[in-house]
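These notes are about the structure you will find just below.
The figures here come from the full heavy-atom set of this structure, side chains too, leaving out hydrogens, waters and symmetry mates. Throughout, a chain's letter reflects where its sequence line sits, starting with A, and its residues are numbered from 1.
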Amino acid sequence: MPTEDELRAQRLAKRARLMQLDAGFPAYPARVERTHTAAAAVAAFEASEAQGDAVAPAVAVAGRVTAQRLMGRAAFVDLRDGSGRIQLSLRRDNLGESFDALDLLDLGDFVEAGGTLFRTRTGELTLAVERWRIIAKALRPLPEKWHGITDTETRYRQRYLDLIANERAREIARKRAAVLAAIRDWYHAHDYIEVETPVLQEHAGGAAARPFVTHHHALDRDLYLRISLELHLKRLLVGGFDRVFELGRVFRNEGISRRHNPEFTLLESYEAYADYEDVARNVESLVKHVALAVTGSLQLVHGEHALDLAQPWARTTYREVLREHTGIDYTQHADAARLRALARERGVPVDEHASWGTALDALMSALVEPKLIQPTFIFDYPAEFSPLAKRKADDPALAARFELFALGYELANAYSEQNDPVEQRERMRDQAAKQASGDDETELADEDFLLALEYGMPPAGGLGIGVERLVMLVTGEPSIREVVLFPAMRERGG
RNA sequence: GGGCCCGUAGCUCAGUGGUAGAGCAGUGGACUUUUAAUCCAUCGGUCCUCGGUUCGAAUCCGAGCGGGCCUACCA
């Protein structure tokens, strides 16, 4: 009866009755006698039909019951497995007593059924069941068959229900898997090797973000969850690998939003003897490859925006794009207070202690980035906030760095890697000094990394891409929580 | 952190001051080609929580919890 507890009690009673049947109905058998998936069964029938076989092939399928239509001494049951749906036809005159076990069947149960296929009057390919059994009893009712499940919170907290009820959820999960596969294809085709580096680290470096802290009991010391992959991958360049990439989960102890999950998958790659211009060509090739592999097209629809990846991607510079959208030439304003004032004049709130770089970043984030819908490279960032990048030879105030934007957000970040151990140490010290003065998101000196650099690292171009954002790009989903199967949620309270 | 919106049956939703409802699912019955099966009957509620206003609160007010969107933060 209809409270949740009563529904569950009914099903528990059916489970118990199932256990007591001696006609071969264990409620949870370990072994299933399946010969075909739903899709394979259909294919087998159609092949046999095409050959003009007189007798349809015998098949055994297994899956979850998603609908049942009971008509006295006959019944139709819809079964769904990973390959699709197939209809079962059960009749009392064929099945005898085992037909009566339908009394113990509920929507959501898993069933195994063997028999031969035929076409119904309406033409639907259907399995005429000769034997069947319940192979996993469900104790709770499935979401409603017609409207499915729409409550956002339930969809995220109980993603399995979302996947059962909503084809779109299944499609996004498959596309995410396809993105990862396409990324690996591209890198393997370009002679990169895939590596794995530590998640638990003594220093969380390679990015400016607040890390999660954890504790190692045997060593009795705190460790950090990584915030990027960078510093370990560069050690591998020192070690002699010319092309490496990693698809790794990183963790940033920051806010949760439509575009930020505390843990996310980062793609980073490093190529020795390349610079950031080479990386720009590669990232364009990579993203096009992924889009084509996953969607079959370079034209992506995103709400009211149509993205055209086939057109040559726009290229600009940090100085130019900022001037274009704000009228500010930052090279004319070396003073942090002056920049903060200019930002406020344009309605961009900045903290009164914001550094020069932070104020510039606020301007970019508020007035420039949201306008960059089509894929756009921004080259040559101020060296000030690019401590791991090489400076440009012809202008040491600039870093040999670009970021790639699309749909108003950062998709990729790349630079010619700093490989001068002396300069790198100085840059890290500068950052440490900033942290001492209150900025808690800076690059700390990592002596173990600097030691590696002193053994010599080849010139290299490095790249980082937020995989979720790439998945959002190719699926058209505006929220990161739709492309992460189990997004971070608050503890359920109330 | 700020603003707006949402929370009613297992699911999808109505109900906006006067006896808590519908469809699906469930239960009982009819039905041997249905496919959102159909028909008859029926069970089912902490109306998110706590407090307040009122003769009377799902409804109005306040606080809290959870969620969504926007915003802020975020290499």
- [ ] Tell me what Glu384(A) touches on the nucleic acid: a base, only sugar-phosphate, or nothing, going by heavy atoms under 4.0 Å.
- [x] nothing

- [ ] Just call it for Tyr381(A): base, sugar-phosphate, or nothing, with non-hydrogen atoms closer than 4.0 Å on any strand.
- [x] nothing

Task: All ring-ring contact (aromatic ring centres under 6.0 Å, His included) counterparts of Tyr276(A), not counting sequence neighbours - done: Phe379(A)

- [ ] With sequence neighbours excluded, give me every salt bridge (Lys or Arg N to Asp or Glu O under 4.0 Å) pair touching residues 398-420 of chain A.
- [x] Lys234(A)-Glu417(A), Arg401(A)-Glu403(A)

- [ ] Could you tell me whether the phosphate oxygens of G26(B), OP1 or OP2, come under 4.0 Å of any side-chain nitrogen or oxygen in Lys145(A)?
- [x] no

Below 3.5 Å is the cut-off: list the nitrogen or oxygen pairs between protein and nucleotides 30-34 of chain B, distance only.
{"residue": "C31(B)", "atom": "N3", "partner": "Gly72(A)", "partner atom": "N", "Å": "3.1"}
{"residue": "C31(B)", "atom": "N4", "partner": "Gly72(A)", "partner atom": "N", "Å": "3.1"}
{"residue": "U32(B)", "atom": "OP1", "partner": "Arg73(A)", "partner atom": "NH2", "Å": "3.1"}
{"residue": "U32(B)", "atom": "O2", "partner": "Arg91(A)", "partner atom": "NE", "Å": "3.2"}
{"residue": "U32(B)", "atom": "O2", "partner": "Arg91(A)", "partner atom": "NH2", "Å": "3.0"}
{"residue": "U32(B)", "atom": "N3", "partner": "Asp93(A)", "partner atom": "OD2", "Å": "3.1"}
{"residue": "U32(B)", "atom": "O4", "partner": "Asp93(A)", "partner atom": "OD2", "Å": "3.4"}
{"residue": "U33(B)", "atom": "O3'", "partner": "Arg121(A)", "partner atom": "NH2", "Å": "3.3"}
{"residue": "U33(B)", "atom": "O2'", "partner": "Arg121(A)", "partner atom": "NE", "Å": "3.0"}
{"residue": "U33(B)", "atom": "O2'", "partner": "Arg121(A)", "partner atom": "NH1", "Å": "3.4"}
{"residue": "U33(B)", "atom": "O2'", "partner": "Arg121(A)", "partner atom": "NH2", "Å": "3.2"}
{"residue": "U33(B)", "atom": "O2", "partner": "Arg121(A)", "partner atom": "N", "Å": "3.3"}
{"residue": "U34(B)", "atom": "OP1", "partner": "Arg121(A)", "partner atom": "NH2", "Å": "2.9"}
{"residue": "U34(B)", "atom": "OP2", "partner": "Arg121(A)", "partner atom": "NH2", "Å": "2.3"}
{"residue": "U34(B)", "atom": "O2'", "partner": "Arg69(A)", "partner atom": "NE", "Å": "3.3"}
{"residue": "U34(B)", "atom": "O2", "partner": "Arg69(A)", "partner atom": "NE", "Å": "2.7"}
{"residue": "U34(B)", "atom": "O2", "partner": "Arg69(A)", "partner atom": "NH2", "Å": "3.2"}
{"residue": "U34(B)", "atom": "O2", "partner": "Gln87(A)", "partner atom": "OE1", "Å": "3.1"}
{"residue": "U34(B)", "atom": "N3", "partner": "Gln87(A)", "partner atom": "OE1", "Å": "2.9"}
{"residue": "U34(B)", "atom": "N3", "partner": "Gln87(A)", "partner atom": "NE2", "Å": "2.8"}
{"residue": "U34(B)", "atom": "O4", "partner": "Gln87(A)", "partner atom": "NE2", "Å": "2.8"}
{"residue": "U34(B)", "atom": "O4", "partner": "Thr120(A)", "partner atom": "OG1", "Å": "3.1"}

Open item on the list: Categorize Gly148(A) for me: base, sugar-phosphate, or nothing, with a 4.0 angstrom heavy-atom threshold over every strand shown.
Closed with: sugar-phosphate

TODO: Looking at every strand, decide which applies to Ser365(A) at a 4.0 Å heavy-atom threshold: base, sugar-phosphate, or nothing.
DONE: nothing

Task: Residue whose closest nucleotide on RNA chain B lies nearer the 5' end, Leu142(A) versus His260(A) - done: Leu142(A)

Open item on the list: I'd like to check the ring-ring contact (aromatic ring centres under 6.0 Å, His included) partners of Tyr224(A); sequence neighbours left out, ordered by chain and number.
Closed with: none

Side-chain donor-acceptor pairs of residues 363-372 of chain A under 3.5 Å, sequence neighbours excluded:
{"residue": "Ser365(A)", "atom": "OG", "partner": "Asp361(A)", "partner atom": "O", "Å": "2.9"}
{"residue": "Lys371(A)", "atom": "NZ", "partner": "Leu367(A)", "partner atom": "O", "Å": "3.2"}

Task: Which residues share a salt bridge (charged side-chain N to carboxylate O under 4.0 Å, His left out) with Arg315(A), sequence neighbours left out - done: Glu277(A)

Task: Any-strand Watson-Crick or G-U partner of C60(B), both distances under 3.5 Å - done: G52(B)

